[in-house]
Amino acid sequence: MDQEAGGGLSEITIEHKVYARVGLLGNPSDVYFGRTISFTLANFWATVRLQPSDDLVIKPHPFHDLVTFQSLDHLVNRLQNEGYYGGVRLLMAICKVFNNYCSDNNILLHNRNFTLSYDTNIPRQTGLSGSSAIVCAALNCLLDYYQVRPLVKVEIRPNLVLSAEKELGIVAGLQDRVAQVYGGLVSMDFSKEHMDKMGHGIYTPMDINLLPPLHLIYTENPSDSGKVHSTVRQRWLNGDEFIVSSMKEVANIAAEGQTVILEKNYSKLVELMNRNFDLRRSMFGDDALGTLNIEMVEVARRVGAASKFTGSGGAVVAFCPDGPSQVQLLEDACGKAGFSIQPIKIIPSCLDDIDTLFD
């Protein structure tokens, strides 16, 4: 039976904010039927605003979708630093995916139009999931505008966000999208059995207060995080024994990490974080990871802190088990190396009763 939504919607502006994501343990095994633990951080975010309008309009951002330049040099420098694409394509892609999903699932949508606009302060190419934050915020706006939030299950929403990005050729896994849909600290199991049976993983929210103080290290001029997965994935598909076994070990780090975090066994957390990065480095190689990215990890390790990539490179999550004095050493070392560092503020879960009512 068809389900119709959106009757009697008042003409109001809808705005949603979605936060950047840090992969704490297990990444990048989410792309390989593995396990991860991730969280959203309040330091950076993307917002999307939906306003009812006569025509359907996707509004370019005045900076991120710049098409007017001062000179040819300005254009070239901009492309070298920012790439070719802003957020307009992301908003268009999620509109298409959302419409197709509702059509395929007999969810009828009203025919009123809207204008979508966005803003973001998530640093580009830092492995903090800036693109998926925009897509996820836009999806939240669409769910509310069409009043279909109860009809699109929470665990399906990360798939929709990922599908929108795949429309644009973005190579990624579900981890980032799960963290941003759920918010807070989430343990994720992407085992093949679950993915084949349900089309999604098992996602377990955890108490953010279980985590110790963490720090974010990043650079203003990062390498492109989108190139990191390429050769490893093909080797995994080919059954490369080293890659397959190493990726299983990365997944096991997240499985063990869930217990470690629940027990607040922070000395063991140090070991797991460092081992996670060492395995990534052995699989991908230094050329793929990039000298600057490796140095961000090493600058933390030289003062005794645990450190690993937040995603595919461009930023690092660090933990100083010895407390404030060690944090000061890390801040000094980052300053000398030219890296930005700030305490991580973890955002709690963003789900409410209507999101979980029909789980």
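We're numbering straight along the sequence, starting at 1.
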### Query
Do L151 and Y101 have side-chain heavy atoms sitting under 4.5 Å apart?
no
### Task
Would you mind telling me which of H215, E295, E298, M296 makes a side chain to side chain contact (heavy atoms under 4.5 Å, CB included) with V316?
M296
### Task
Any chance you could measure L162, atom CG, to L174, atom CG, to the nearest 0.5 Å?
5.0 Å
### Task
Determine yes or no for a side-chain-to-main-chain donor-acceptor pair under 3.5 angstrom, with K264 supplying the side chain and P212 the backbone.
no
#### Entry: Heavy-atom side-chain proximity of F277 to S307 below 4.5 angstrom
no
### Query
Taking S246 for the side chain and I243 for the main chain, is one N or O donor matched with an acceptor at less than 3.5 Å?
no
### Query
Residues sharing I347's hydrophobic cluster, by side-chain heavy-atom contacts under 4.5 Å among ILVMFWY, directly or via others?
Y19, W45
### Task
Taking N276 for its side chain and N27 for its backbone only, find out whether a donor-acceptor pair lies under 3.5 Å.
yes
### Message
Keeping Y145 on the side-chain end and Q51 on the backbone end, is there a donor-acceptor pair under 3.5 Å?
### Response
no
### Task
Would you please say whether a donor-acceptor pair under 3.5 Å links the side chains of Q342 and N43?
yes
#### Entry: side-chain contact (heavy atoms from CB on, under 4.5 Å) partners for D189, two or more places apart
R35, S191, H194, I202
### Query
Is the backbone of G173 close enough, under 3.5 Å, to the side chain of R177 for a donor and an acceptor to pair up by distance?
yes
### Task
May I ask you to decide if N274's main-chain N or O and R301's side chain share a donor-acceptor pair within less than 3.5 Å?
yes
#### Entry: Check: Q180 side chain, T40 main-chain N or O, donor-acceptor pair, under 3.5 Å
no
### Message
Does the plane of the ring in W236 sit parallel, tilted or perpendicular to the ring in F33? Use 30° and 60° as the thresholds.
### Response
tilted
### Query
If you measure from the Lys or Arg side-chain nitrogens to the Asp or Glu carboxylate oxygens, is any gap between K268 and E263 under 4.0 Å?
no
### Task
Taking the side chain as every heavy atom from C-beta outward, state whether L214 and L41 have any atom pair closer than 4.5 Å.
no
### Message
If I take atom CD from residue E165 and atom SG from residue C136, how far apart are they, to the nearest 0.5 angstrom?
### Response
9.5 Å
### Task
Starting from the C-alpha separation in whole Å, work towards a yes-or-no answer on side-chain contact (heavy atoms from CB on, under 4.5 Å) for Y118 and T47.
CA-CA 6 Å; Y118 78 98; T47 56; over 6 Å; no
#### Entry: Heavy-atom side-chain contact between L211 and F319 under 4.5 Å
no
### Query
Is the side chain of N105 donor-acceptor paired with the backbone N or O of I107 at a distance under 3.5 Å, no angle test?
no
### Query
Is there a donor-acceptor pair closer than 3.5 Å between any side-chain N or O of N113 and the backbone N or O of D54?
yes
### Message
Centre-to-centre under 6.0 Å for F284 and F309, is that the case here?
### Response
no
### Task
Kindly compute the distance separating CG (D176) from OG (S132), expressed to the nearest 0.5 Å.
5.0 Å
